[in-house]
Amino acid sequence: MASRVTIGDVEVLLFIDMVPPAYAPLEFFPEVSEEAWGPHRDDCLEDGALQLYYGCFALRSQGRVIMVDTGMGPGPHATRGNRTGDLLNLLAGEGIAPDDVDLVVHTHLHLDHVGWNVTWEEGTPRPTFPRARYLAPRADWDYFTQPDVMERFPCIQESIIPLQSMGALELTDGEHSVTPEVTTLPAPGHTPGHVAVLVTSRGEKGVMVGDALHSRVQVQEPGWCARADIDKDRGLESRRALLDKAECEGLLVAAGHFRPGDQFGRVVRLQGRRYWQTV
Ligand SMILES: [Zn+2]
């Protein structure tokens, strides 16, 4: 089942495609000591492990269905305990068939965000969402298609290159207006082209932060950088800017990697400190 919010006239549905195995906190945030976790234990599981979720979104906007990222994909995924993705079933549960999707917007090109882009049958790729245009940040394309980088990220060959060959991929630069209600906002660092996705409708505003935030703990501790952040300094700058914007403009924030029930919230300030207030 999807969780949902509305931003003006836009309905935002969140689907958890897959729950990966939990991480040791030090493995995920390598520069954060065990002591620093002290006040944040409730952001971990009971055994102290850090659990992420692979959430992605479908927006219903002005008669169109827009996916924001496509999860980890069908699998089974050998690097994730052979777990499998469930997105297409979850979409069907909301009455959304692959054919209904008009656009796919990628926050970035890591494997847990591009997984359902392409379906492979007997060695032949086809777009899972056959009518959709797939949008990706050009700076990510430029980075991840370098031969030595592509070797380390097989998802590019599997889930991005075929779209380009089929003419379904569109590369975007800077702030890009996807529709009158949906805009991408550059938030680089996690990857070179990483974007957040801003929704504005009837005076209401919300933002999908992509991997600028992996865990709720980063709202209080924006300096905590994930091992996967390619440029940690830029990533930190982007995270701070997004948190400032979210707090100042009262944005509804959607974070696909947060735990279920926490994935929609607002950034609020109490006695000089920031907190995540679940919506
Ligand atoms: Zn991710």
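Only a predicted model underlies this, so the values are computations on that prediction, with no experimental measurement involved. For the numbers below, each heavy atom of this structure counts, side chains included, while hydrogens, waters and symmetry mates do not.
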Which pair of heavy atoms, one from A187 and one from S238, lies closest together, and at what distance?
-> C-OG, 3.2 Å
With the 4.5 Å side-chain cut-off for hydrophobic clustering, are L109 and L111 part of the same group?
-> no
Other than L26, what residues sit in its cluster of Ile, Leu, Val, Met, Phe, Trp and Tyr side chains whose heavy atoms are under 4.5 Å apart, directly or through others?
-> none
Please list, chain by chain and in numerical order, all residues satisfying side chain to side chain contact (heavy atoms under 4.5 Å, CB included) with R240, sequence neighbours excluded.
-> P222, L236
Kindly give the heavy-atom pair with the smallest separation between S61 and T179, and that separation in Å.
-> OG-OG1, 4.0 Å
For I7, the hydrophobic cluster (side chain heavy atoms closer than 4.5 Å, chained through members) also holds V5, V10, V12, L14, I16, V19, Y53, F57, L59, I66, V68, L103, V105, L135, V178, V182, V197, V199, M208, L252, F264, V279
Atom of D17, atom of M72 and distance for their closest heavy-atom approach = OD2-N, 2.7 Å
Please step through salt bridge (Lys or Arg N to Asp or Glu O under 4.0 Å) for the pair R227 and E31, ending with a clear verdict.
-> CA-CA 9 Å; R227 183 189 293 274; E31 281 124 44; over 6 Å; no
Check step by step if side chain to side chain contact (heavy atoms under 4.5 Å, CB included) holds for K245 and L185.
-> CA-CA 12 Å; K245 184 176 172 67; L185 292 182; 3.8 Å; yes
Qualifying salt bridge (charged side-chain N to carboxylate O under 4.0 Å, His left out) pairs with a residue from residues 141-155, counting only residues at least two apart or across chains | none
When hydrophobic residues are tied together by side-chain contacts of less than 4.5 Å, even through go-betweens, does V195 share a cluster with Y134?
-> no
Report the C-alpha distance between M67 and L91 in whole Å, list the side-chain angles of each, state the deciding distance to 0.1 Å, and finish with yes or no for side chain to side chain contact (heavy atoms under 4.5 Å, CB included).
-> CA-CA 10 Å; M67 297 297 303; L91 286 169; 4.0 Å; yes
Decide if the gap between the ring center of F258 and the ring center of W276 is smaller than 6.0 angstrom.
-> yes
Treat each ILVMFWY residue as a node, draw an edge where side-chain heavy atoms are under 4.5 Å apart, and state whether Y275 and V207 are in one component.
-> no
Non-hydrogen side-chain atoms of F29 and C225 separated by less than 4.5 Å = no
Please examine the side chains of R126 and W120, heavy atoms only from C-beta on, and report whether any two atoms are closer than 4.5 Å.
-> no
Check: R239 main-chain N/O paired with Q218 side-chain donor or acceptor under 3.5 Å = no
Have a look at D102 and tell me which of R133, R64, R131 forms a salt bridge (Lys or Arg N to Asp or Glu O under 4.0 Å) with it.
-> R131
Could you give me the CA-CA distance, side-chain angles and deciding distance for S177 and T183, then say whether side-chain hydrogen bond (donor to acceptor under 3.5 Å, both in side chains) is met?
-> CA-CA 4 Å; S177 167; T183 308; 5.0 Å; no
same_hphob_cluster(M18, L45) at 4.5 Å side-chain heavy-atom cutoff | no
By side chain to side chain contact (heavy atoms under 4.5 Å, CB included) - contacts of P25 (at least two apart) = W37, C44
Within one Ile-Leu-Val-Met-Phe-Trp-Tyr cluster: W224 and I230, side-chain cutoff 4.5 Å = no
Is there side-chain contact between N89 and F15, with at least one heavy-atom pair below 4.5 Å?
-> no
With sequence neighbours excluded, give me every salt bridge (charged side-chain N to carboxylate O under 4.0 Å, His left out) pair touching residues 198-220.
-> D9-R202, D42-R216, D43-R216, K205-E249, R216-D262
Decide yes or no for Q51 and R259: does some side-chain heavy atom of the first lie under 4.5 Å from some side-chain heavy atom of the second?
-> no
Go through the steps to decide whether N117 and H106 satisfy the test side-chain hydrogen bond (donor to acceptor under 3.5 Å, both in side chains), and finish with yes or no.
-> CA-CA 10 Å; N117 281 3; H106 287 300; 3.0 Å; yes
Do H257 and D112 touch side chain to side chain, with heavy atoms closer than 4.5 Å?
-> yes
So H108 and D140, side-chain hydrogen bond (donor to acceptor under 3.5 Å, both in side chains) or not? Walk me through it.
-> CA-CA 7 Å; H108 64 297; D140 263 24; 5.6 Å; no
